[in-house]
Amino acid sequence: MDSSTPQPLDGFLPRQVTGAQVRKALEHDLNAFTDPPTIRTARCKELLASRRELPVYAQMDDFFTVFNENQIVILVGDTGTGKTTQIPQFVAYSDLAHLTGKMIACTQPRRVAAISAAKRVAEEMDVQLGHQVGYSIRFEDMTKRGTTFLKYMTDGMLLREAMDDPDLQRYSTIILDEAHERTLATDILMSLLKALTKRRAELKIIIMSATLDAVKFQKFFSLPLGTKAPLFEVIGRTHPVEIFYTQDPEPDYVEAAIRTVLMIHRAELPGDILLFLTGEEEIEVVCRKIELEVDDLIKQDPSSVGPIVCIPLYSSLPAKQQQRIFDPTPAARGPDHPSPPGRKVVVSTNIAETSLTIDGIVYVVDPGFSKQKVYNPRIRVESLLVSPISRSSAQQRAGRAGRTRPGKCFRLYTERDFWSQLEEQTYPEILRSNLSSTVLQLVKLGIKDLVRFEYLDMPAPESLMRALELLNFLEAIDDNGDLTPLGSKIAELPLDPQLAKLLIVSPEFKCSNEILTIVSMLSVPNIWVRPADQKNQADAAKALFTVPDGDHLTLLNVYVQYVLNKSNEDWPRTNFVSGRALAEAERVRAQLQRLMKRFELELISMTDEKELHQSIRQALVCGFFMQVAHREGEKGCYLTVKDNQVVTLHPSSGLKANPEWVVFNEFILTAKPYIRTVSEVRPEWLLELAPSYFDLSSIPDGETKRRLQSVMNEVQQSRRSDANREASSHTSSSTTLFTLDDVVAMLTQMSTSTPASTLEDAIERLKEMSTR
DNA sequence: GAGCACTGC
């Protein structure tokens, strides 16, 4: 560098940078972050002008004061403050990570958010995307080793990186964005980072959140002496949104929603409407009803009612139809039959609350409900329940009306209920989920003491217990709670532990190629498409794929056909399968195939179809032996082994007749308890491949046990007559089913260096919570 | 004889 001309970063000292210095560097003709420094483009200067307008820009001086002096900062600011794009850039000037070989990470809960933030910031910094500024998401690493110093990524991706590098040494500052969403990955990262700040004094953390409830984060990240982490607040500048409540509670929110939309259409000034509902069916029905009602109104009084178009929006809708939300608002009728201007109504699930932004929305109708996942660890079932939203969700929804100009939000509940009935925050995901993957990740990270681990919200002990129990049966962790070599591999695979185990054992069954496909198909969203007006055609199309021995085999069949018909773009549509889900399965499969290679798992196929199908079903037992059911009675009823849940085959199953023993992929609770994606298995396989789980002394008395007992007797008889035959087993025979006491004992054993009193406290709390 | 809110690795 020529020492005579001033360089943009002259006088910058790491972590002692001031706002004045940064502003000067930003005005500089040379770009400080390129090597060698490049002349800034006109586009860059233009973008800088709009960056200066962002609320967060005005608070740059204060930000640096707080950031320089603290290891952890909680930053609160609503959407539209520019925090996601600007704060990481500010940090870049402070960390000077481009000179130290470290990186700044900024996590997002969703892939698209990580990509779009990285794109925007690369443009603002006048660098090529994927060079100095990049992103990293599941199927795409847009970073360059040694060059990238600002990396946007999904929260799950950072969590995965932590498994290889628990101290996250490559980062100088880690920013967790959208922390208020409390995704499982962000929650775990917050716990890990809190512990990490003690090991790495120079690591800085910024927790960015959009809501009222930053105090919880402040307390969580308080120092040992009780000093709270500093709160930095950015005052947003979105347009005002006027909130209206109903005078009385609405008995039927669907009917009230329709009425409100019609009222807006007739009485309010032009502007599009966003209505939040809970699910696909509800949305389709309401769209049709609104359009019919408006047709009626127009017939009655054509001159005072404008045309309306309803656009449904939910995630399983094909991309092309999702794009309709960007269609222009319909124009007024005329000139022969003049009418008021037209209106667009988007009827959407929660997808429009966070994932998709629709410009031009002026009116929001919020009935106050959404479908939320709930987990019942007792019967190990996750289900979706229509539940009241939280106040922070309601605030988020209302905000969607003020993106382009002042708007209005109609809440279909009373103000009193808003304050007294709604929770302040949505229940965090960690309290509503099956934790088997998460617990395994924690064990892999070296966190053995799951009770003393500091969670923002401690999960239900029974959820932890269920997770440990499953992992132990899968032999991912041993009886001491230590990770086994198998468990280490399972943790490395981006799959549910059962699916990972299935994939790992598959070469032993000589069908790993097919299991790889099935596992990929099971880890993407539903591939079957069944439009309301073409149910029969869809069912007929599905019947052509059906393999009578098992739904897992049907999935394999669909994938094989999909690949064979790759050249035909229309194939998914004409066969009533989701092209998007199949493409996703293809990507998952490719990723898993690379991992199999790394683990030296052979890719093996079988030629004899009959043998192949049998091997696949046997392999399934190795991963899913805890999800086996036995036929009970005559009318398609099954009883799950051990849990003794009465379940029925889901009507979507293509299984022929009703086999006596089945393995199922999921247990869902909708109209009835159903088991879905089901394959026939033989009882001998259960006893042979999962002897510890099917240990008869652990199975409650009943028909299931009697049948297993008689199969066992037959097997033993034939064994006695064949002296050479050794009992083979894929799972150790020493494990036993846990009781809660066992798990408490196990957790106790795990925490070796804990003072007795605190641990006892922890266990006491654990017992207390589990008996509630 | 029915349904799948939404993400993420």
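The structure presented is a predicted model; accordingly, all values stated were derived computationally and were not measured. Labels below follow one simple rule: chain letters A, B, ... track the order of the sequence lines, proteins then strands, and each chain is numbered from 1.
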Let me know the distance between CG of A:Asp539 and P of B:dA2, rounded to the nearest Å.
12 Å
Sugar-phosphate, base or nothing in reach of A:Lys672, heavy atoms under 4.0 Å
nothing
In whole Å, I'd like the distance from the CG atom of A:Leu192 to the P atom of B:dC9.
17 Å
Does A:Lys535 make a side-chain donor-acceptor contact with the base of B:dG3, cut-off 3.5 Å?
yes
A:Pro494 has a side chain; which of B:dG3, B:dC9, B:dC6 sits nearest to it?
B:dC9
I want to check one thing: is the phosphate of B:dC9, taken as OP1 and OP2, less than 4.0 Å away from some side-chain N or O of A:Arg111?
yes
Between A:Tyr413 and A:Asp366: side-chain donor-acceptor atoms closer than 3.5 Å:
yes
Between atom CG in A:Asp164 and atom P in B:dC9, what is the gap in whole Å?
15 Å
Hey, is the side chain of A:Ser370 poking within less than 4.0 Å of OP1 or OP2 on B:dA5, counting only N and O atoms?
no
Value in whole Å for how far the C1' atom of B:dT7 lies from CG of A:Asp155:
8 Å
Nearest-Å distance for atom pair CD/P, residues A:Glu280 and B:dG3:
12 Å
Expressed as a whole number of angstroms, how long is the span from A:Ile668:CD1 to B:dA5:P?
12 Å
Give A:Arg676 one of three labels, base, sugar-phosphate or nothing, depending on what nucleic acid heavy atoms sit under 4.0 Å from its own.
base
Please tell me which of A:Gln441 and A:Leu384 maps to the more 5' nucleotide of DNA chain B, matching each residue to the nucleotide holding its nearest heavy atom.
A:Leu384
With the side chain of A:Lys371 defined as its heavy atoms from C-beta on, choose the nearest nucleotide among B:dC9, B:dC6, B:dA5.
B:dA5
Does A:Thr183 put a side-chain nitrogen or oxygen below 4.0 Å from OP1 or OP2 of B:dT7?
no
Picking from B:dG1, B:dT7, B:dC9, which would you name as closest to the side chain of A:Ser315?
B:dT7
Hey, does the Lys NZ or Arg CZ of A:Arg380 hover above the aromatic six-ring of A:Phe667, less than 6.0 Å from the centre and inside 45° of the axis?
no
Quick check with a 6.0 Å cut-off and a 45 degree axis cone: is A:Arg631 positioned over the face of A:Tyr638's six-membered ring?
no
Can A:Arg432 be said to sit on top of A:Tyr427's aromatic six-ring, NZ or CZ under 6.0 Å from centre and within 45° of the ring axis?
no
Return no unless some side-chain N or O of A:Thr670 is found under 4.0 Å from OP1 or OP2 of B:dG3.
yes
For A:Lys119 and A:Tyr135, which I'm curious about, is there any donor-acceptor pair between the side chains at under 3.5 Å?
no
Could you check which of B:dA2, B:dA5, B:dC9 has an atom nearest any side-chain atom of A:Arg530?
B:dA2
Side chain of A:Tyr674 (C-beta onward), nearest among B:dC9, B:dG3, B:dT7:
B:dG3
Can you tell me if the side-chain N/O atoms of A:Thr154 get under 4.0 Å from OP1 or OP2 in B:dC9?
yes
